[in-house]
Novice: 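Okay, here's the structure, questions in a sec.
Reckoned from all heavy atoms, side chains included, excluding hydrogens, waters and symmetry mates. Residue numbering restarts at 1 for every chain, and letters A, B, ... go by the order of the sequence lines.
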There are 2 protein chains.
Amino acid sequence: MTQPLDPDMFDPICPSTLSPFRIGDKWAGMIIRCLEHGPRRFSELRIPLRGITAKVLTKSLRALERDGLVVRTAHAEPVRRVEYDLTPLGRSMLGPIAAMCAWAEQHWDELLDAREESLSLDRTG
Amino acid sequence: MTQPLDPDMFDPICPSTLSPFRIGDKWAGMIIRCLEHGPRRFSELRIPLRGITAKVLTKSLRALERDGLVVRTAHAEPVRRVEYDLTPLGRSMLGPIAAMCAWAEQHWDELLDAREESLSLDRTG
DNA sequence: CTGAATCCATTTGGATACTG
DNA sequence: CAGTATCCAAATGGATTCAG
């Protein structure tokens, strides 16, 4: 029932590193957002997470599991199939995460301006 | 007028790494909270930031400055005196930060439980 | 398909010594 | 006092190869 993940859900151009907020490791925040609308398979997560390697995705997922934010379910089927889903605890993070994103969106221009200004100061001053 | 910073303002026992949220680098979040009630001097910041080296504190402050979250003011006086203060942009982060802290406080036990359980699973399973 | 294993470059943070 | 300069260990993330 859940829609497939948009491959462009995370704009590769947009320097999200601009946001001072971070969730866990480099990918954790994006993974959580990928799970927002229901469980996802390992290979499914790799689509929007452009170019993440299996090793890194595994490590990130294991960390989320260890912290009780995500559950892993291995389905016994002819073709191997593993799904990851948010726990209630993980889901409870969506609110704060949305607040962080709202702040970042709201202050994006100021952040960009500050960086540009500091760059020009480096050059001229 | 501002009170001196509490040296124990950040409990060294409490594993704040437990919180999945992070602001900038390792120290940025704590620095911002230190500046909540007014400007602070370089050496003043080092008190609650137990054992931070001058180099690391400088680097962290420069990053906050570059992002427009903090301003640095060097006062021309007999004794050298430099103060750091939050910009309006930096101050606007206090809300989201408080939300993150509230979430962490509220779910602390669940986070601890999840870690402990994953540890015991490592041992037994 | 869902990883694990190995190797490697970069980044991060800290220890220490020195300076205007 | 408020840094800077060097050196260094550990962590992070990625590339590549292999496996059940």
Side-chain angles (χ1 to χ4, degrees), chain A residues 4-5 10 12 15-31 34-35 39-67 70-85 122 125, chain B residues 4-5 10 12 15-31 34-35 39-67 70-85 122 125:
Chain A
L5 291 171
F10 304 109
S16 56
T17 63
L18 207 61
S19 167
F21 296 108
R22 242 183 94 170
I23 321 274
D25 63 23
K26 178 174 177 185
W27 302 96
M30 290 181 263
I31 292 174
C34 286
L35 299 179
R40 300 288 182 179
R41 302 182 57 169
F42 187 85
S43 52
E44 203 175 355
L45 288 172
R46 299 188 67 176
I47 308 299
L49 267 28
R50 303 243 171 217
I52 191 175
T53 63
K55 179 196 138 187
V56 173
L57 177 53
T58 300
K59 195 184 162 196
S60 208
L61 286 167
R62 293 282 182 278
L64 290 168
E65 234 191 310
R66 181 204 55 190
D67 290 348
V70 158
V71 273
R72 174 182 182 278
T73 312
H75 300 275
E77 292 179 18
V79 299
R80 195 165 165 202
R81 189 164 136 263
V82 177
E83 280 192 331
Y84 293 90
D85 198 0
D122 268 358
Chain B
L5 291 171
F10 304 108
S16 57
T17 63
L18 207 61
S19 166
F21 297 107
R22 242 183 93 170
I23 321 275
D25 63 22
K26 178 175 176 183
W27 302 95
M30 289 182 263
I31 292 175
C34 287
L35 299 178
R40 300 290 182 178
R41 302 180 57 169
F42 187 85
S43 53
E44 202 175 355
L45 287 172
R46 298 187 68 176
I47 308 298
L49 267 29
R50 303 241 171 218
I52 191 174
T53 65
K55 179 196 136 187
V56 173
L57 178 53
T58 300
K59 196 184 161 198
S60 209
L61 286 168
R62 294 279 183 278
L64 290 168
E65 233 189 312
R66 183 203 54 190
D67 290 348
V70 159
V71 271
R72 173 182 184 278
T73 312
H75 301 273
E77 290 180 18
V79 298
R80 193 163 165 205
R81 190 164 137 263
V82 177
E83 279 191 331
Y84 294 90
D85 198 359
D122 269 357

Novice: Of all the heavy-atom pairs spanning A/Ser60 and A/Trp27, show the shortest one and how long it is.
Specialist: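 Answer, listing the atom of A/Ser60 first, then A/Trp27: OG-CB, 3.9 Å.
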Novice: If you compare all heavy atoms of B/Ala28 against all heavy atoms of B/Leu64, which two are closest, and at what distance to 0.1 Å?
Specialist: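 Scanning both residues completely, I find the closest heavy atoms to be CB-CD2, 4.1 Å.
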Novice: Please report, rounded to the nearest Å, how far the C1' atom of D/dA2 is from the CD1 atom of B/Ile52.
Specialist: 14 Å
Novice: Can you tell me if B/Arg41 touches the phosphate of D/dC1, counting only side-chain N or O atoms and a distance under 4.0 Å to OP1 or OP2?
Specialist: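 Negative; the distance criterion is not met.
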Novice: In whole angstrom, what separates B/Phe42's CZ from D/dA2's C1'?
Specialist: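 For the pair B/Phe42 CZ and D/dA2 C1', the rounded distance is 6 Å.
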Novice: Indicate the atoms forming the closest heavy-atom contact of B/Arg46 with B/Ile52, along with that distance.
Specialist: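 Closest approach of B/Arg46 to B/Ile52: NH2-O, 3.1 Å.
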Novice: Return the value, rounded to whole Å, for the distance between atom CD of B/Glu65 and atom P of D/dA2.
Specialist: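 Nearest whole value for this atom pair: 14 Å.
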Novice: So, is B/Thr53 close to the C/dA15 phosphate, meaning a side-chain N or O under 4.0 Å from OP1 or OP2?
Specialist: no
Novice: Which nucleotide sits closest to the side chain of A/Tyr84: D/dA2, C/dT2, C/dG3?
Specialist: C/dG3
Novice: Using whole Å, what does the distance between atom P of nucleotide D/dA19 and atom CZ of A/Arg80 come to?
Specialist: 15 Å
Novice: Between atom CD in B/Glu77 and atom P in D/dA2, what is the gap in whole Å?
Specialist: 10 Å
Novice: Rounded to whole angstrom units, what separation is found between the CD atom of B/Glu44 and the P atom of D/dA2?
Specialist: 9 Å
Novice: How close do A/Phe10 and A/Pro48 get, heavy atom to heavy atom, and via which atoms?
Specialist: CD1-O, 3.8 Å
Novice: Please confirm whether the shortest side-chain N or O distance from B/Arg62 to OP1 or OP2 of D/dT4 is below 4.0 Å.
Specialist: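 Answer yes for this pair, as a side-chain N or O of B/Arg62 is under 4.0 Å from OP1 or OP2.
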Novice: List the atom of B/Asp85, the atom of B/Leu35, and the distance in Å for their closest heavy-atom pair.
Specialist: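 In terms of heavy atoms, the two residues are closest at C-CD1, 4.2 Å.
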Novice: Looking only at side-chain N and O atoms, does B/Arg72 come under 4.0 Å of OP1 or OP2 in D/dG3?
Specialist: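 Checking D/dG3 against B/Arg72, a side-chain N or O does come within under 4.0 Å of OP1 or OP2.
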Novice: How far apart are the closest heavy atoms of A/Glu44 and A/Arg40, and which atoms are they?
Specialist: OE2-NH1, 2.8 Å
Novice: From C-beta outward on B/Arg81, which listed nucleotide comes closest to its side chain: D/dA2, D/dG3, D/dG20?
Specialist: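 When the side chain of B/Arg81 is considered, D/dA2 is the closest of D/dA2, D/dG3, D/dG20.
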Novice: Nearest-Å distance, CZ (A/Arg40) to C1' (C/dT2)?
Specialist: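 Computing the A/Arg40:CZ to C/dT2:C1' distance gives 18 Å.
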Novice: Strictly below 4.0 Å, N to O, side chains only: are A/Glu83 and A/Arg81 in salt-bridge contact?
Specialist: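 Salt bridge present between A/Glu83 and A/Arg81.
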Novice: Output one letter per nucleotide in nucleotides 5-13 of chain D: B when a protein non-hydrogen atom lies under 4.0 Å from the base, S when only the sugar-phosphate is that close, - when neither is.
Specialist: BBB-----S
Novice: For a quick check of understanding: with a heavy-atom distance under 4.0 Å over all strands, which category does A/Arg46 fall into, base, sugar-phosphate or nothing?
Specialist: nothing
Novice: Among the candidates D/dT4, C/dA4, D/dA2, find the nucleotide nearest to the side-chain atoms of A/Thr58.
Specialist: C/dA4
